[in-house]
K.L.:
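Before I ask anything, here is the structure I am working with.
This one's a predicted model, so the numbers in the text were calculated from it and none came from an experiment.
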Amino acid sequence: MIRHFVCAAVTAIATASTAFAGDLIEKVSPHSVSETIDRLEAAVSGAGATVFARVDHGAGAASVDLELGASELLIFGNPKLGTPAMQDGATAGLDLPLRVLAYADGEGVVRVVYHDPATLAATHGLPADAKYIMMMTGALDKLTGKAVAQE
């Protein structure tokens with residue numbers, strides 16, 4: 001009985017982890033966390049989008065005498081894309097503007113992660129084939145590509 005419960009629990013956790021991981025898109029950056037977010041911020045501004053906030057999670061942790069590796073979040077968007085999404089489903093405002101996180105993992109590898117915009121559609125009942133979802137997907141790929149480029 002206990003063995004069956006443990007196997008079921010492990011299977012449930014593995015399934016949940018896989019589902020969550022499938023919602024994230026990840027890229028590796030050859031730059032530091034700060035430089036990666038600087039490059040992303042420049043790409044976002046250069047594309048005409050608005051940077052709403054930059055959050056330094058590591059500095060926040062340090063401010064309360066806790067340790068956290070380098071981790072920064074950039075919050076940005078374009079009302080021409082976000083507004084139609086929120087018109088189709090007001091709750092999309094919970095996940096907009098868009099967010100991209102850069103962090104250094106335990107081995108010091110800088111990773112850039114963001115939610116696949118398709119999950120925005122699924123979560124908030126938006127049309128999966130909406131033009132704004134396709135545009136957000138392309139924009140995130142292009143902008144994060146610039147942030148992690150070797151050049």
Side-chain angles (χ1 to χ4, degrees), residues 9-126 128 130 132-151:
V10 169
T11 302
I13 290 168
T15 302
S17 297
T18 303
F20 177 73
D23 295 346
L24 293 178
I25 295 176
E26 180 178 299
K27 297 179 180 183
V28 173
S29 177
H31 312 289
S32 70
V33 167
S34 188
E35 184 178 354
T36 299
I37 293 295
D38 287 345
R39 292 169 60 90
L40 178 61
E41 188 170 2
V44 166
S45 296
T50 302
V51 173
F52 294 103
R54 182 172 176 163
V55 179
D56 185 336
H57 292 302
S63 75
V64 293
D65 297 323
L66 294 172
E67 289 186 31
L68 183 68
S71 177
E72 293 188 35
L73 177 76
L74 193 69
I75 302 170
F76 61 93
N78 181 337
K80 289 182 182 178
L81 296 178
T83 302
M86 289 185 281
Q87 288 171 331
D88 284 348
T91 61
L94 285 169
D95 294 312
L96 293 172
L98 299 171
R99 296 161 179 83
V100 174
L101 176 71
Y103 70 96
D105 69 14
E107 284 76 46
V109 175
V110 175
R111 300 185 183 279
V112 173
V113 294
Y114 58 91
H115 284 284
D116 183 339
T119 62
L120 184 71
T123 301
H124 300 287
L126 307 176
Y132 53 79
I133 296 293
M134 290 182 274
M135 292 178 74
M136 287 177 192
T137 300
L140 280 165
D141 183 53
K142 183 177 179 180
L143 295 169
T144 57
K146 287 183 177 185
V148 303
Q150 286 285 355
E151 54 198 55

K.L.:
Apply side chain to side chain contact (heavy atoms under 4.5 Å, CB included) to the pair L24 and H115, showing each step before the final yes or no.
P.N.:
CA-CA 5 Å; L24 293 178; H115 284 284; 3.7 Å; yes
K.L.:
Measure across A104 and V33 and return the closest heavy-atom pair with its distance rounded to 0.1 Å.
P.N.:
N-CG2, 3.6 Å
K.L.:
Could you walk me through whether V112 and T36 pass the side chain to side chain contact (heavy atoms under 4.5 Å, CB included) test, one step at a time?
P.N.:
CA-CA 8 Å; V112 173; T36 299; 3.5 Å; yes
K.L.:
Counting C-beta onward and ignoring hydrogens, is there a side-chain heavy-atom pair between D38 and S34 closer than 4.5 Å?
P.N.:
yes
K.L.:
I need the minimum non-hydrogen distance between A85 and A92, along with the two atoms involved.
P.N.:
O-CB, 4.1 Å
K.L.:
In chain order, what residues pass the side-chain hydrogen bond (donor to acceptor under 3.5 Å, both in side chains) check against E26, with sequence neighbours excluded?
P.N.:
R111
K.L.:
Check L98, L40, V100 against L143 for a side-chain contact (heavy atoms from CB on, under 4.5 Å) and give me the one that passes.
P.N.:
L40
K.L.:
If every non-hydrogen atom of I133 is compared with every non-hydrogen atom of A128, which pair is closest and at what distance?
P.N.:
CG2-O, 4.1 Å
K.L.:
Are any non-hydrogen side-chain atoms of L96 and L81 less than 4.5 angstrom apart?
P.N.:
no
K.L.:
Counting C-beta onward and ignoring hydrogens, is there a side-chain heavy-atom pair between H57 and L73 closer than 4.5 Å?
P.N.:
yes
K.L.:
So do D141 and K27 actually touch side chain to side chain, heavy atoms under 4.5 Å?
P.N.:
yes
K.L.:
Say whether, by atom type as modelled, one donor and one acceptor occur between the side chain of H31 and the main chain of A149 under 3.5 angstrom.
P.N.:
yes
K.L.:
Decide whether H124 and D95 meet the rule of one side-chain donor and one side-chain acceptor closer than 3.5 Å.
P.N.:
yes
K.L.:
Is there a side-chain contact between N78 and Y132 in this structure, where contact means two heavy atoms from C-beta onward sitting under 4.5 Å apart?
P.N.:
no
K.L.:
What are the two closest non-hydrogen atoms of D116 and T119, and how far apart are they?
P.N.:
O-OG1, 2.6 Å
K.L.:
Mind listing the closest non-hydrogen atom pair of G89 and L126 along with its distance?
P.N.:
N-CD2, 3.5 Å
K.L.:
Is the count of non-hydrogen atoms from other residues, nucleotides or ligands lying under 6.0 Å from M135 atom CE greater than 12?
P.N.:
no
K.L.:
L68 versus Y103: any side-chain heavy-atom pair under 4.5 Å?
P.N.:
no
K.L.:
Could I get the full list of side-chain contact (heavy atoms from CB on, under 4.5 Å) partners for E41, not counting sequence neighbours?
P.N.:
V51, R54, L74
K.L.:
Does some side-chain heavy atom of S71 sit less than 4.5 Å from a side-chain heavy atom of L101?
P.N.:
yes
